[in-house]
Amino acid sequence: MNLEGKIYYHGEIVEGAIEIEDGKIRRVKKSLPFAFRVRGIILPGALDIHVHFREPGFTHKEDFYTGSMSAAFGGVTFVMDMPNNSPKILTAQDFVEKLRLVAPKANVDFSLYFMLSPLSPGLEEINGAFKYYMGETTAVEGYVVEEYPKNSFISVHAELNECIRKESRDLRDHDKSRPESCEAMAVRTLLGKGKFHIAHVSGVDTVDMCKIGGFTCEVTPHHLFLHRDMPLGTWGKVNPPLRAKWMSEKLWEELLQGRIDIVASDHAPHTMEEKEDEFNIAPAGIPEVETYVPIFLYLVKQGKISMARAVEVLMERPGELLRVPKGKIEAGYDADLIVVDFKEVRKIRSRDLHYKCGWTPYENFYGVFPHRVYLRGEEIIEDYEFVGERLGKFVKISPAKQEEEEKEHMQD
Ligand code: DOR
Ligand code: ZN
């Protein structure tokens, strides 16, 4: 199958055609015979390396089918799912059982994290991706681990139990109960111990600490677009907490300047009933996976971020960090593509989204949603409608193997 139209290719928007064969991009040319012309601009699908689709154990909040369908509608064609499930994903058996459960429900490609624990070394043979919870949060107690699996991607929840207060009464107090300094301190303890990826950085000192350690880092949409003084109540309760407005503005600057590597959603849905509880009891977490790419594309339209930087932080860099052939329109890459028309701006409404939880803190924000989405060349969204069910496949993360391959290439 061939697609033609305006394509984001090597940093520019060009008129051209993409040849797709066996789910991969074979080549990009000025024109190709029998190409299907699309309206708008063709971009790579986004990679969200931080989602909580809640299987197994918490499927009343979300499940892999609804979560991955929401991802597709939001232009996300690959997700990495977190292991704070019930049971937690600690062993090979937990992992295989989870994979068996979720694979038939996946509407986009996916991979799964193990939860880092003293049991972890050796598990990288199964999948080289781990989540390291240094401190407590939803469904985890958090503990410090001293031995790490080799050649793996380790995403860190950097908060330490010793500087967390477990009670809080409102968003400002929640910020104080888990301060930025606690996050920076957690990252400091990792200096010199290996290579880590720091999840959801919420303060600029943390970003500095990441730079000192040679670590990569991600920022969430909520730490960029929401802040603790908005009238969100429990709907804005999240760990690490929303900070002051000035901090969200600084994080945006850090992202634009390239000091923060990527954006990942930390899609963490809870039901409305759970969130309607009193502040101290309501669980932390915000649903995000369907709205963040559209909001970013709207900001591109507004001139708040360049198209090049948006594509880097949403698509290209996440693919590079995991060393998967996704996130770029280039020969040899998976044909995961989204088509957007910047004239079609939509107001975000929770009733139009596909989450099981049925709410969003981004009500009335503007977004540019993809009107077509392709997963390895198969159309899964057409005219804003879902047309390709359950086509998602598991992607194994193996950074070590890839490194060896790179060395071989260099010797050629
Ligand atoms: O706010 C959060 N919610 N932070 C986390 O680290 C976990 C997440 C969840 O799973 O609900
Ligand atoms: Zn998370």
Side-chain angles (χ1 to χ4, degrees), residues 48-64 67 71 76 79-89 98 110-116 129-143 153-161 164 166 168 171 174-175 177-178 180 182-183 186-187 196-203 206 217-223 226 228 232-243 262-275 277 279-289 292 318 355-357 359-361:
D48 188 352
I49 74 163
H50 191 153
V51 302
H52 300 262
F53 285 171
R54 306 301 193 198
E55 279 204 52
F58 303 107
T59 50
H60 61 292
K61 300 173 194 271
E62 191 80 282
D63 61 49
F64 226 83
V76 173
V79 295
M80 298 266 303
D81 190 58
M82 287 295 169
N84 58 335
N85 308 120
S86 180
K88 299 178 179 97
I89 310 306
K98 175 171 178 177
F110 67 98
S111 196
L112 308 173
Y113 288 99
F114 278 108
M115 190 179 290
L116 186 73
F130 295 81
K131 178 65 179 290
Y132 180 11
Y133 286 98
M134 300 183 84
E136 67 90 34
T137 189
T138 311
V140 285
E141 304 76 36
Y143 41 71
F153 184 80
I154 304 178
S155 169
V156 183
H157 184 117
E159 291 186 294
L160 296 174
N161 284 334
I164 290 173
K166 285 196 182 171
S168 62
L171 283 180
H174 193 57
D175 174 18
S177 75
R178 312 172 73 113
E180 288 136 27
C182 183
E183 186 183 63
V187 176
F196 299 94
H197 172 80
I198 309 304
H200 42 52
V201 292
S202 66
T206 314
C217 66
E218 81 195 21
V219 67
T220 66
H222 48 272
H223 289 113
L226 307 177
R228 69 176 188 200
L232 290 165
T234 56
W235 310 96
K237 183 178 178 186
V238 66
N239 298 330
L242 298 182
R243 307 301 186 189
I262 65 162
V263 175
S265 79
D266 196 5
H267 174 77
H270 298 286
T271 66
M272 290 167 71
E273 200 187 350
E274 288 164 337
K275 278 293 206 182
D277 217 323
F279 194 92
N280 191 39
I281 294 167
I286 298 176
E288 308 258 1
V289 73
Y292 80 105
Y355 307 144
K356 195 181 271 189
C357 67
W359 64 276
T360 174

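We count ligands from 1, going down the list as the structure has it; atoms in each ligand are counted the same way. Values below: all heavy atoms of this structure, side chains included; hydrogens, waters and symmetry mates excluded.
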Practice problem: Looking only at distances, please establish whether an N/O atom of ligand 1 is found under 3.5 Å from an N/O atom of His270. | Solution: yes

Quiz item: Got an N/O contact under 3.5 Å between Thr138 and ligand 1?
Solution: yes

Practice problem: Using the six-membered ring wherever Trp is involved, compare the ring planes of Phe130 and Phe114 and label them parallel, tilted or perpendicular (cut-offs 30° and 60°). | Solution: parallel

Residue-level breakdown please: for [X] versus ligand 1, do any non-hydrogen atoms fall below 4.0 Å on the side chain, on the backbone, on both, or on neither?
X: Met82; value: neither
X: Arg54; value: side chain
X: Lys237; value: neither
X: Asn84; value: side chain

Quiz prompt | Cut-off under 2.8 Å, centre the Zn ion (ligand 2), protein N/O/S atoms | solution = His50 NE2, His52 NE2, Asp266 OD1

Exercise. Would you kindly say whether Asp266 and His52 are connected by a side-chain donor-acceptor distance under 3.5 Å?
Key: yes

Quiz item: Would you say the side-chain atoms of Ser202 and Glu183 include a donor-acceptor pair closer than 3.5 Å?
Solution: yes

[atom]: which protein heavy atom is closest, and how many Å away?
atom: atom 5 (C) of ligand 1; value: Thr137 OG1, 3.1 Å
atom: atom 3 (N) of ligand 1; value: Ala284 O, 2.9 Å
atom: atom 1 (O) of ligand 1; value: Asn239 N, 2.8 Å

Any side-chain to backbone donor/acceptor pair from [X] onto [Y]? Under 3.5 Å, distance only.
X: Asp48; Y: His50; value: yes
X: Lys88; Y: Met115; value: no
X: His174; Y: Arg228; value: no

Quiz item: When Tyr113 is tested against each of Ile49, Ile154, Asp81, Asn84 for side chain to side chain contact (heavy atoms under 4.5 Å, CB included), which residue passes?
Solution: Ile49

